[in-house]
Amino acid sequence: MSNIANAFKNGKAFIPFITCGDPDLETTMKIVHEMQDNGADLIELGIPFSDPTAEGPVIQEASLRALNAGTTTDKIFDMVIKLRSEGITVPMVFMTYANVVYSYGSERFISKCKEIGIDGLILPDIPYEEKEEFWDICVKYDIDLVSLIAPTSEDRIAMIAKEAKGFIYVVSSLGVTGTRSTITTDIGALTSKIREVTDVPCAIGFGISGPEQAAKMSAHADGVIVGSAIVKIVAQYGKDAPSHVGEFVKSVKGAIS
């Protein structure tokens with residue numbers, strides 16, 4: 001059983017996302033500690049990329065700030081090593097794009113993930129049909145390559161879900177990431193189709209803006225993912241963001257527990 005499974009052992013899992021290096025890696029480390037201390041069950045670490053096609057303006061701007069601050073993949077690897085040495089025990093996964101992994105060298109990148117204590121990898125620009133190059137290396141190093149299922153997946157849902165590892169990232173809405181005032185997708189029907197073929201946990205992301213929405217979405221899934229709402233807090237408070245992020249994480253975890 002992968003370490004990711006531990007995130008779903010104790011009720012509904014809360015999975016916050018943060019862009020590494022926004023505004024700097026020191027602040028990112030403080031935010032990760034606040035997330036763990038306030039109930040995060042798994043943490044998504046975004047590796048900034050110059051063309052993040054799945055992201056809305058909030059996370060795009062965070063990626064740009066991080067890159068302008070000199071954030072690199074190697075520096076993020078070093079940060080994860082420090083976090084693990086400082087007592088961060090929750091599962092952590094990287095969310096990034098295929099080009100980041102390709103340019104680093106796929107096997108070199110994924111083997112490094114295993115070495116430093118990363119549990120999974122999310123690559124939103126890799127469709128199911130093109131995942132083999134990454135999949136085989138992830139299996140070799142016991143890194144869960146997280147599958148995404150969207151409202152448009154339809155007849156591909158069973159096919160994707162059958163092979164899923166770690167957890168399934170259920171995309172709540174069409175389009176890019178970003179908070180939404182309402183989510184109109186029939187999430188219950190989507191997760192029911194997934195559960196017909198697998199018991200791998202489902203976590204819903206894209207568009208969840210706060211505790212109330214998280215509570216509604218968690219009724220249909222094993223966990224919820226929040227990214228843009230947290231990245232907005234970081235954009236607002238900069239180096240003073242960690243405590244504010246901690247308060248937000250605590251409020252969402254409380255709402256879904």
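Quick caveat, the model's predicted, so the values are computed rather than measured.
Under the 4.5 Å side-chain criterion, counting only non-hydrogen atoms from C-beta, Ile208 is not in contact with Ile225. Two residues are said to be in side-chain contact when any heavy atoms from C-beta on lie closer than 4.5 Å; Asn38 and Glu247 fail this criterion. Side chains of Asp22 and Pro48 form no contact here, defined as non-hydrogen atoms less than 4.5 Å apart. A heavy-atom distance below 4.5 Å is not found between the side chains of Met95 and Leu123. Counting heavy atoms from C-beta on, the side chains of Val234 and Pro23 come closer than 4.5 Å. Contact annotation: the side chain of Ile149 never approaches that of Val171 to less than 4.5 Å [non-hydrogen atoms, C-beta and beyond]. Phe17 places none of its side-chain heavy atoms less than 4.5 Å from the side chain of Leu45. For the pair Lys12 and Val224, the minimum side-chain heavy-atom distance is 4.5 Å or more.
The residues Glu26 and Lys30 are annotated as salt-bridged, a charged nitrogen and a carboxylate oxygen being separated by less than 4.0 angstrom. Note on Lys131 versus Asp125: no salt bridge recorded, every NZ/NE/NH1/NH2 to OD/OE distance being 4.0 Å or above. Salt bridge present: Asp222 and Arg195 bring a charged side-chain N and a carboxylate O closer than 4.0 Å.
Leu67 and Val58 fall into different hydrophobic clusters, where Ile, Leu, Val, Met, Phe, Trp and Tyr are joined by side-chain heavy atoms under 4.5 Å apart, directly or via other members. Criterion: ILVMFWY side-chain heavy atoms under 4.5 Å apart, direct or through other members. Under it, Met92 and Val100 are part of a common hydrophobic cluster. Using a 4.5 Å cut-off between side-chain heavy atoms of Ile, Leu, Val, Met, Phe, Trp and Tyr, with links allowed through other members, Ile116 and Val32 fall into the same hydrophobic cluster. By the rule that hydrophobic residues join a cluster once side-chain heavy atoms approach within less than 4.5 Å of another member, Ile47 and Leu64 end up as members of separate clusters. Note: the hydrophobic cluster containing Val197 does not contain Ile187 (ILVMFWY, side chain heavy atoms under 4.5 Å, direct or indirect links).
Counting all heavy atoms, side chain and backbone alike, Thr19 lies closest to Ala62 at OG1-CB, 3.7 Å. Scanning both residues, Ile118 and Val93, for their nearest heavy atoms gives CG2-CA, 4.2 Å. Between Ile43 and Ala40, the shortest heavy-atom contact is CG1-CB, 4.1 Å. Counting all heavy atoms, side chain and backbone alike, Thr191 lies closest to Cys202 at CG2-CB, 4.4 Å. Contact detail for Cys20 and Ala66: the closest heavy-atom pair is O-CB, 3.3 Å.
Results of the ring-ring contact (aromatic ring centres under 6.0 Å, His included) test with Tyr97 over Tyr102, Phe49, Phe134 single out Phe49 as the only residue that passes. Each of Ile168, Ile160, Asp199 was scored for a side chain to side chain contact (heavy atoms under 4.5 Å, CB included) with Ile194, with one residue passing: Ile168.
One finds the CZ atom of Phe206 at 8.5 Å from the OG atom of Ser228 (value rounded to the nearest 0.5 Å). Note that CG of Asp41 is 10.5 Å distant from CD of Gln36, once rounded to the nearest 0.5 Å. In this structure, Leu121 CG and Phe94 CZ are separated by 8.5 Å, a value rounded to the nearest 0.5 Å. Taking NZ of Lys232 as the start and CD of Glu61 as the end, the distance is 10.5 Å to the nearest 0.5 Å. Within the model, atoms NZ of Lys165 and CD1 of Ile143 stand 12.0 Å from one another, a figure rounded to the nearest 0.5 Å. Distance check: Met79 CE to Leu83 CG gives 5.0 Å after rounding to the nearest 0.5 Å.
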Determine, stepwise, if the pair Ile122 / Tyr169 fulfils side chain to side chain contact (heavy atoms under 4.5 Å, CB included).
CA-CA 9 Å; Ile122 305 171; Tyr169 193 128; 4.1 Å; yes
Determine whether Ile18 and Glu44 satisfy the following criterion, side chain to side chain contact (heavy atoms under 4.5 Å, CB included), listing intermediate values before the conclusion.
CA-CA 6 Å; Ile18 191 71; Glu44 275 186 32; over 6 Å; no
Assess whether side chain to side chain contact (heavy atoms under 4.5 Å, CB included) is satisfied between Val249 and Glu34, documenting all intermediate values.
CA-CA 8 Å; Val249 170; Glu34 285 281 348; over 6 Å; no
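A donor-acceptor pair shorter than 3.5 Å can be found between the side chains of Tyr141 and Glu107.
The cationic group of Lys112 does not satisfy the cation-pi geometry with Phe109, failing either the under 6.0 Å distance to the six-membered ring centre or the 45° limit from the ring axis.
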